[in-house]
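Labels below follow one simple rule: chain letters A, B, ... track the order of the sequence lines, proteins then strands, and each chain is numbered from 1.
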Protein chains: 2
Amino acid sequence: MCAKQIKPLSHGLKQKGHRSTRQRQIILEEVQKRASHPNATEIYEAVRRRIPNVSLGTVYRGLGLLAELGLIRRLEQDGSARFDSNLSEHYHLICTQCKGIFDIDTSILEKLNTHGLEADGFEINGLKLELHGLCPSCGNAASD
Amino acid sequence: MCAKQIKPLSHGLKQKGHRSTRQRQIILEEVQKRASHPNATEIYEAVRRRIPNVSLGTVYRGLGLLAELGLIRRLEQDGSARFDSNLSEHYHLICTQCKGIFDIDTSILEKLNTHGLEADGFEINGLKLELHGLCPSCGNAASD
DNA sequence: GTCGGTGCAAACACTTTGCATACCT
DNA sequence: AGGTATGCAAAGTGTTTGCACCGAC
């Protein structure tokens, strides 16, 4: 009982009849290793350092499955997918200059009012809020 | 004061040395005509009904220019660009079922607290907040 | 052994771009 | 007239998919 063996993957996968494979393990590890919200190509290259002949298709399928199972989060930036292993509720700040994505925790709402973010060195000049849910007609259809 | 002749396009364009063309006029009109946040293909097809041999490239270039000049807003949904002629500050609700995009005005923040949106028939189950601005390192670099 | 996963390459969807011609100013 | 905008088609980018083989269970 020494080496800490994390097994959230096989657990999560097998529940739904999916298999735990070396590729999926490593894809998950590589996403978790980065706080940088990597895109599929970045993960592909990282995985390829460990499994040289892994295919890009496998990485895309793996990332998609992990996101579907809720083991990672899928973001979208500049029209391409990015992935985040931070599952806690948080928001993102996108730097308009370097295009970096920074995690901002939910206390942002307080900070926005108190100018706390400026104290943290961030300079906010716009925000985009998307609500996800059901519109009236889909909501009604669902309850038929 | 009968026929309302809107001329924001030529005004906006010429300021920066761009030309006012039939294609751009019609592209703008077609975006303004829709509250549905159309994508480039939808606009292309609408424009093509009026200028049958317009090219998709022209539509993309036109939409990009109009967005750059601030005459329309560019959104991003499911990895493809969408356009919105509603320039007032507002947010979006994306229906998880029909994928429709609905405009929500800024009083949403109040409504979120008071469950006012539910009264409007929307069922919210997630939100995505993106802040846009400068991260500490880009902010510092800019002030050098 | 079975059935889902992988590697590979082709196909896809969306968008951008190079170039000769057309047209706005 | 001069230079920007257009039409057309090709190229680019990011992502998905079909299929034969491979490997987890």
Side-chain angles (χ1 to χ4, degrees), chain A residues 7 9-28 30-31 37-69 71-72 74-83 99 101, chain B residues 7 9-28 30-31 37-69 71-72 74-83 99 101:
Chain A
K7 282 207 176 187
L9 178 60
S10 56
H11 180 248
L13 287 172
K14 290 181 191 165
Q15 283 186 333
K16 306 219 180 183
H18 298 289
R19 293 175 183 173
S20 175
T21 63
R22 183 162 141 68
Q23 284 85 344
R24 287 171 180 173
Q25 297 271 8
I26 290 178
I27 290 166
L28 178 59
E30 292 297 333
V31 176
H37 309 86
N39 61 22
T41 304
E42 272 172 84
I43 295 301
Y44 169 57
E45 282 166 5
V47 173
R48 203 160 52 146
R49 271 177 238 122
R50 299 172 62 184
I51 309 179
N53 68 331
V54 73
S55 79
L56 187 54
T58 294
V59 171
Y60 270 102
R61 280 184 282 222
L63 289 168
L65 179 64
L66 294 173
E68 198 181 301
L69 295 175
L71 294 165
I72 60 178
R74 178 198 289 268
L75 314 175
E76 198 180 291
Q77 188 58 24
D78 281 326
S80 80
R82 294 181 159 270
F83 299 87
K99 306 294 178 194
I101 303 177
Chain B
K7 280 210 175 184
L9 178 59
S10 56
H11 180 248
L13 286 173
K14 291 182 189 164
Q15 283 187 332
K16 307 219 180 184
H18 298 288
R19 291 176 182 171
S20 175
T21 63
R22 184 163 141 69
Q23 284 84 344
R24 286 171 181 173
Q25 298 271 8
I26 290 177
I27 290 166
L28 178 58
E30 292 296 334
V31 176
H37 309 86
N39 61 21
T41 304
E42 272 173 85
I43 296 301
Y44 169 58
E45 280 165 6
V47 174
R48 202 160 53 148
R49 271 176 238 122
R50 300 171 63 183
I51 309 179
N53 68 332
V54 73
S55 78
L56 187 55
T58 294
V59 171
Y60 270 102
R61 280 183 284 223
L63 289 168
L65 180 63
L66 295 173
E68 198 180 302
L69 295 174
L71 294 164
I72 59 177
R74 177 198 289 271
L75 314 175
E76 198 179 292
Q77 189 57 25
D78 281 327
S80 79
R82 295 181 159 269
F83 299 88
K99 304 295 178 193
I101 303 178

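- When rounded to the nearest whole Å, the span between CD1 of B/I51 and C1' of D/dG7 equals 12 Å.
- A sub-4.0 Å separation between OP1 or OP2 of C/dC14 and a side-chain N or O of B/S80 is absent.
- Atom CD of B/E68 is separated from atom P of D/dA5 by 11 Å (rounded to the nearest Å).
- Taking atom CD of residue A/E42 and atom P of nucleotide D/dT13, one finds them 16 Å apart after rounding to whole Å.
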Reading nucleotides 19-25 of chain C from 5' to 3' and marking B where a protein heavy atom lies under 4.0 Å of the base, S where only the sugar-phosphate is that close, and - otherwise, the string is ----BBS
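- Rounded to whole angstrom, the span from the CD1 atom of B/I27 across to the P atom of C/dT15 amounts to 14 Å.
- When the side-chain nitrogen and oxygen atoms of B/T58 are compared with OP1 and OP2 of D/dG7, one or more of them lie within a distance under 4.0 Å.
- For the pair B/E76 CD and C/dA13 P, the computed distance is 19 Å after rounding to whole Å.
- Taking only side-chain nitrogens and oxygens, B/Y60 comes nearer than 4.0 Å to OP1 or OP2 of C/dT15.
- Looking at every heavy atom in both residues, B/T58 comes nearest to B/I27 through O-CD1, 3.9 Å.
- Between B/R82 atom CZ and C/dA13 atom P there is a gap of 16 Å when expressed in whole angstrom units.
- Between A/E76 and B/E76, the shortest heavy-atom contact is OE2-OE2, 3.3 Å.
- Annotation for A/A40 and A/F83: closest pair N-CE1, 4.3 Å, computed over non-hydrogen atoms.
- If you find the closest nucleotide of DNA chain D to B/S55 and to B/G17, the one lying nearer the 5' end belongs to B/G17.
- The CG-P distance, from B/L56 to D/dA10, rounds to 15 Å in whole Å.
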Do B/L65 and B/R61 pass the side chain to side chain contact (heavy atoms under 4.5 Å, CB included) test, and can you show the C-alpha distance, the side-chain angles, and the key distance before you say yes or no?
-> CA-CA 6 Å; B/L65 180 63; B/R61 280 183 284 223; over 6 Å; no
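- Residue B/E30 forms a salt bridge (charged side-chain N to carboxylate O under 4.0 Å, His left out) with just one option from B/R50, B/R49, B/R48, and that option is B/R50.
- Nucleotide C/dA9 holds its C1' atom 12 Å from the OH atom of A/Y44, rounded to whole Å.
- A residue-by-residue look at B/V59 and A/G57 shows that B/V59 has its nearest nucleotide of DNA chain D further toward the 5' end.
- Of the possible polar contacts, none joining the B/R74 side chain to the B/L63 backbone as a donor-acceptor pair under 3.5 Å is found.
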Which is it for A/Q23 and A/V47 under the side chain to side chain contact (heavy atoms under 4.5 Å, CB included) test, yes or no, and what are the steps along the way?
-> CA-CA 8 Å; A/Q23 284 85 344; A/V47 173; 5.8 Å; no
